[in-house]
Protein chains: 2
Amino acid sequence: MNRPPVSIRDVASMAGVSVGTVSNVLNRPDIVAEATRRRVLDAIRDLGFVRNESARHLRAGHSRTIGLVVLDVANPFFTDVARGVEDSANDAGLAVILCNSDDDPAKESRYLDLLEEQRVQGILITPVATTNHRLEQLRERGTPIVLLDRRATDDTQCSVAVNDVLGGELAVRHLLAQGHEHLAFVGGPFTIRQVQERQQGALQAMRAAGRDPGDLHVVETSALNVAAGRDAAARLAGAMPRPTAVFCANDLLALGVLQEMTRRGVRVPHDVAIVGYDDIDFAAAAAVPLTSVRQPRHLLGRTAAELLIEEATEDSSHQHRQVVFDPELVVRDSSDRTIGRRPRRRRPSPEGAAATPHPA
Amino acid sequence: MNRPPVSIRDVASMAGVSVGTVSNVLNRPDIVAEATRRRVLDAIRDLGFVRNESARHLRAGHSRTIGLVVLDVANPFFTDVARGVEDSANDAGLAVILCNSDDDPAKESRYLDLLEEQRVQGILITPVATTNHRLEQLRERGTPIVLLDRRATDDTQCSVAVNDVLGGELAVRHLLAQGHEHLAFVGGPFTIRQVQERQQGALQAMRAAGRDPGDLHVVETSALNVAAGRDAAARLAGAMPRPTAVFCANDLLALGVLQEMTRRGVRVPHDVAIVGYDDIDFAAAAAVPLTSVRQPRHLLGRTAAELLIEEATEDSSHQHRQVVFDPELVVRDSSDRTIGRRPRRRRPSPEGAAATPHPA
DNA sequence: AGCGGTCGTTGAAACGATTCACCACCACCC
DNA sequence: GGGTGGTGGTGAATCGTTTCAACGACCGCT
């Protein structure tokens, strides 16, 4: 069953050439004579020879892998980011080592050790804490690092993030343009940077429209899930004046608000408009398709990986960049005042994307 | 910035010992005298020495990584499985290299090459095709392979899967127990094994209850998404007699059915009961919380990784095993006939689990 | 014939850690 | 003093590949 491993030396002796020639066939086939090359390739095939990457990399000094450290792959955000990273790495012939820090600094640190021992070409990371001695150290020792979904505070490193303030602005600007007077923001806890920035964007949009930011009815939630959304909607329903438009810090909250409003007989979007954030698959598939702010997650991952690869390949001529992507507003029925005044449009079903290619 | 890499040799000369001793400090610290050990450890710290895994593995003959090849990590099913794999690998001190085959045999093959070159300890894979020459070859050359979410046809390999027939049986048995007479199955296309097996389970449950399997009203869909579910519901609404219970091949279909039924004024669960499959996060958070069949996804990944590690570690005494997990029925409002006849229970909110820990 | 230039191939020296046979040293005891 | 044992450390060989100086063969040119 377990045949002895076959090395370049075995190939060489079978083909009647030196190991150097075999290596040339593998790496610079053009400089080897046609006949020799064929003999070597035949031997490789017959013996089932497979290159040993460890040996290659020992010589090269670094491996053909990059590390990806995220808070949790089970989170759809990171899932899409990971896809982007992988696609990009794949194009460059690199493998991706995936690590979940679970928001735990100790676990993060262990994974960084592991990646450094693997001599990865570079590391993409959403660090648990903002300042991180281990990361500094890694960078000093020559491992390129790119921050994911975090903005670098100085220009000694690359980072890739999405502009959450703009996202909040887009949402509220849209609601104001629809003629809404009484707006609410639902989100929390405010210790989360994203929640804060999205609210900040909402306030900016108010100001820009000449409205008093104090008019924004803020409902702080204890979490970012559907249940919290339902609670928030219950609180909003009793408010005077009742807001006619609600911007939620994420889609789960928005779905909760939608459910509770519907249950209370408040019609969406006729009586109240709702805008969510993240554009998760279910936003489009909800009972009332949800307007939402979409982040270019796949692109985020892709770009981060490209920056990393560039930094790892370029010979110290690399210019660090802090890329910030703009999110995009996807308008659907939940915030569309024209609904009901004209025939219901069946948009080209976006939920096709929500299909599970694998049904399990 | 880029300091020269520091090797075990540098450590040795700084500590005034031989490289062998440094290696001993790293691998068998107990056989080194206290004083020497401390001197070596100090040198390691001062120089910032980091072991080179490539070199270790070149000697060892295999690396401390395992490969995970799935159809698509963006699919929540595989996301959870991947988490399980990673947790397990982490316990064993192994790193996971993540690969998406995208259901493309060519891409799968490329990744298998890459993993073999990395001399991974083993590979966990959901193969695109059922028979796969590359996999045979890999196994013959000594790389342990464990099939994920596929049942091995012979006992020359390990596999880990979930019993889809039983899942279908559980769903329909439950609906029959609730006293439903007219049942429907919604799912498709039937080329998908999971769809087929879930239907088969449904039929078995009918037979076991002494019912004519022909009574099951089957609606084949073209896809497994929300839109297809809505279409199926439209078709069901016109059927005579109209089924009072619908079992859907996955949750997206079920949510589509739920939406369309509600839109048509058909009340769930009063007029029609619905059972889905997969227990995705949104099942619990839907307008009417959805009864669903839950698969132990995390456990699936964990177990697969454990089998793989066992096979890779044990010295040929390994017994191949085909593990099949049983799914579990999670009953919620959508199939609960008692709803409305008694005060609405707010169950301990399961959608807490649906929170995005990372809000982005 | 002698020279310079290609072309194709060779062989050995790296890369960095591990392993193992072997040695130096000391202690102890007959 | 010579044998025995134990402790602690050494140094060379090894893993499989890449790289590069060097070399032989051959050709064309003077």
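Each chain gets a letter, A, B and so on, in the order the sequences are listed, and its residues count up from 1.
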Separation of L26(A) atom CG from dT17(D) atom C1', in whole Å? 9 Å
Are S18(A) and dT10(C) close enough that a side-chain N or O sits under 4.0 Å from OP1 or OP2? yes
Send over the distance from N24(B) CG to dC20(C) P, rounded to a whole Å. 11 Å
Decide, yes or no, whether a salt bridge links D102(B) with R83(A) under the criterion of side-chain N to carboxylate O below 4.0 Å. yes
Salt bridge flag under 4.0 Å for residues R141(A) and E136(A): no
Check this one for me: any side-chain N or O of R28(B) less than 4.0 Å away from OP1 or OP2 of dT19(C)? yes
Whole-Å gap separating P (dG8(D)) and CZ (R38(B)): 14 Å
Reading DNA chain D from 5' onward, which residue's closest nucleotide shows up sooner: S54(A) or G20(A)? S54(A)
Thinking salt bridges, do R321(B) and E310(B) make one under a 4.0 Å N-O criterion? yes
Would you say the side-chain atoms of R151(A) and Q322(A) include a donor-acceptor pair closer than 3.5 Å? no
R64(B) CZ to dT18(C) P, straight-line distance once rounded to whole Å: 12 Å
OP1, OP2 of dT18(D) versus side-chain N and O of R51(A): anything below 4.0 Å? yes
L58(A) has an atom CG; how far is it from atom P of dA17(C), in whole Å? 9 Å
Residues R45(A) and D42(A) bridged, charged N to O under 4.0 Å: yes
OP1 or OP2 of dT18(C) less than 4.0 angstrom from a side-chain nitrogen or oxygen of N27(B), does that happen here? yes
Once you round it to whole Å, what is the distance between C1' of dG16(C) and CZ of F49(B)? 8 Å
For V17(A), report the nucleic acid contact type (base, sugar-phosphate, nothing); a contact means any heavy atom under 4.0 Å. sugar-phosphate
Indicate the atoms forming the closest heavy-atom contact of L148(B) with T126(B), along with that distance. O-OG1, 3.1 Å
Quick one: which of dA17(C), dT18(C), dT18(D) gets closest to the side chain of S23(B)? dT18(C)
Across the strands shown, which category fits V32(B) at heavy-atom distances under 4.0 angstrom: base, sugar-phosphate, nothing? sugar-phosphate
Looking only at side-chain atoms of T36(B), point me to the closest of dG8(D), dA17(C), dT10(C). dG8(D)
To the nearest Å, how far apart are H57(A) NE2 and dT18(D) P? 9 Å
Kindly point out which of dA17(C), dG8(D), dC15(C) is positioned nearest to the side chain of A33(B)? dG8(D)
Rounded off to whole Å, could you give me the CG-to-P distance for the D30(A) and dC7(C) pair? 12 Å
Does dT10(C) have OP1 or OP2 sitting under 4.0 Å from an N or O in the side chain of T21(A)? yes
Distance test, side-chain N/O of R59(A) to OP1/OP2 of dA14(C), below 4.0 Å: no
OP1 or OP2 of dG16(D) versus the side-chain N and O atoms of R9(A): is any pair under 4.0 Å? no
